[in-house]
Amino acid sequence: MMNKKVNVALIGYGYWGPNLLRNLKSYTECNVEYVCDRSLDRLHRVRNHYPNQPVTQDFNSVINNPHIDALVIATPISTHFSLAMRSIEAKKHVLVEKPLTDNAHDGEVLVRAASRRGVKLMVGHTFLFSPPVRKIKEIIDSGGLGSIYYVSMSRVNPGLHQNDASVISDVDVVWDLAPHDISMLLYWLSEEPASVHTCGRGCMRPDVPDVAFINISFPSGVIAEIHLSWLSPVKIRRTMVVGSKKVIIYDDTESIEKVRVFEHGAEFVENESFGEFLWSYQTGDVYAPRLDNYEPLASEIKHFLDCIVNDNNPITDGLAGLQVVRTLDAASKSLLEATNTFGEGSNGGNGQHDRKPEHDLS
Ligand SMILES: NC(=O)c1ccc[n+]([C@@H]2O[C@H](COP(=O)([O-])OP(=O)(O)OC[C@H]3O[C@@H](n4cnc5c(N)ncnc54)[C@H](O)[C@@H]3O)[C@@H](O)[C@H]2O)c1
């Protein structure tokens, strides 16, 4: 396919689809054959922006079209498995928006199917293509932080739908917000969790958790906590990676200096007067590493096209996406088991999910 354009169809033109289409159209090596959405209203919006863009409501006509090489799927999470599976069976490469599926079993089936059919399966973990996340990976891999002790992450904002009882969403706060943080954690640490424990609560609707605290432990000993909420009046996107030599604070809401590195450490030193050994804490310089300047989604789309043309394995391939889903699944089960552990009425109908044994992933 070296000199051939990649013919792509975009499935789903809701909130995220327009960003994908804009980026797909920016690459000359890509031709958007169709935009497919089951909503006519959404297809009218496509034509308003791009009058010559072919559109369709019929997904079957897309997968049966022999000119189409690849599909980009940006539909609700509960539809990912069936749409991606049918695309793979039709021997089309697939970029599925995050998370890959809404349960680990379906993710495993997709990964096996893509391997059997010899097509690329990539997941849209956009943050792994962002300059700050790439820079942090570079610092960690160079040993710059020393050994990593723990990671603390906050991703909170006002929820879009949760105070509108008429809107049914197919996600809770864990499946909506945690894919980003979990994908970053697994990418930075290059390991999968050993255990996951979640405490959460559905405050607005008892059946839909809108605040959660996920605790994860890794085989290396690193521990991580992720705070997620749809109930915060302000948007916070803050991560702290604490190592034995340095600490990184990454604030994605900052326009400049998103990443700051703090020289910091503690060592055992001899107290000369008393001949005792004491812990000594050192603080030092703070610096903001230079970050590249590009749109993460543009880089993600380019990577997908390059992987198809050059027959490479995507960084966020099906297996990487599956590892994120396994962690999400464990976090969700931990919430559910908490409810079961304390029996009906244990949360008093107030949606509280709490205090369960850790969900072991080993
Ligand atoms: N990478 C990111 O940073 C990022 C950001 C936002 C959303 N997302 C992901 O993008 C996906 C879509 O999210 P959204 O917020 O755009 O959802 P949305 O509900 O706003 O849009 C989904 C669209 O898909 C269409 N659709 C549903 N089922 C369909 C089907 N079977 N065939 C054709 N069209 C269908 C709907 O009509 C709708 O227009 C989700 O997986 C979400 O997690 C990723």
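Only heavy atoms go into these numbers, but all of them, side chains included; no hydrogens, no water, no symmetry mates. One-based numbering, in listed order, for ligands and for the atoms of each.
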Ligand 1 polar-atom proximity to protein (N/O, under 3.5 Å):
from, atom 1, to, atom 2, distance (Å)
ligand 1, 1 (N), Glu97, OE1, 3.0
ligand 1, 1 (N), Gly124, O, 3.4
ligand 1, 1 (N), Thr126, OG1, 2.8
ligand 1, 16 (O), Tyr15, N, 3.1
ligand 1, 16 (O), Trp16, N, 2.8
ligand 1, 20 (O), Tyr15, N, 2.9
ligand 1, 34 (N), Arg38, N, 3.3
ligand 1, 37 (O), Asp37, OD1, 2.6
ligand 1, 39 (O), Asp37, OD1, 3.4
ligand 1, 39 (O), Asp37, OD2, 2.6
ligand 1, 41 (O), Thr75, O, 3.3
ligand 1, 41 (O), His80, NE2, 3.0
ligand 1, 41 (O), Lys98, O, 3.1
ligand 1, 43 (O), Lys98, O, 2.8
ligand 1, 43 (O), Lys98, NZ, 3.2

Validation row: Leu322, Glu108 side chains within 4.5 angstrom (heavy atoms):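 Yes; the side chains approach each other to less than 4.5 Å.
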Salt-bridge criterion met for Asp181 and Arg155 (N-O under 4.0 Å):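 Looking at Arg155 together with Asp181, the answer is yes, because their closest N to O distance falls below 4.0 Å.
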By side chain to side chain donor-acceptor pair (under 3.5 Å) - contacts of Lys135 (at least two apart):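 Listed in chain order: Glu138.
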Those residues that, when tested against Lys120, pass side chain to side chain donor-acceptor pair (under 3.5 Å) (two or more places apart):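 Here the qualifying residues are Asp311.
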Validation: residues 233-243 side-chain donor-acceptor distances under 3.5 Å, sequence neighbours left out:
from, atom 1, to, atom 2, distance (Å)
Arg237, NH1, Val156, O, 3.3
Arg237, NH1, Asn157, OD1, 3.1
Arg237, NH2, Asn157, OD1, 2.8

Of Glu257, Lys137, Lys258, Met184, the residue whose pairing with Pro132 passes side chain to side chain contact (heavy atoms under 4.5 Å, CB included):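 That would be Lys258; it is the only one of Glu257, Lys137, Lys258, Met184 passing the side chain to side chain contact (heavy atoms under 4.5 Å, CB included) with Pro132.
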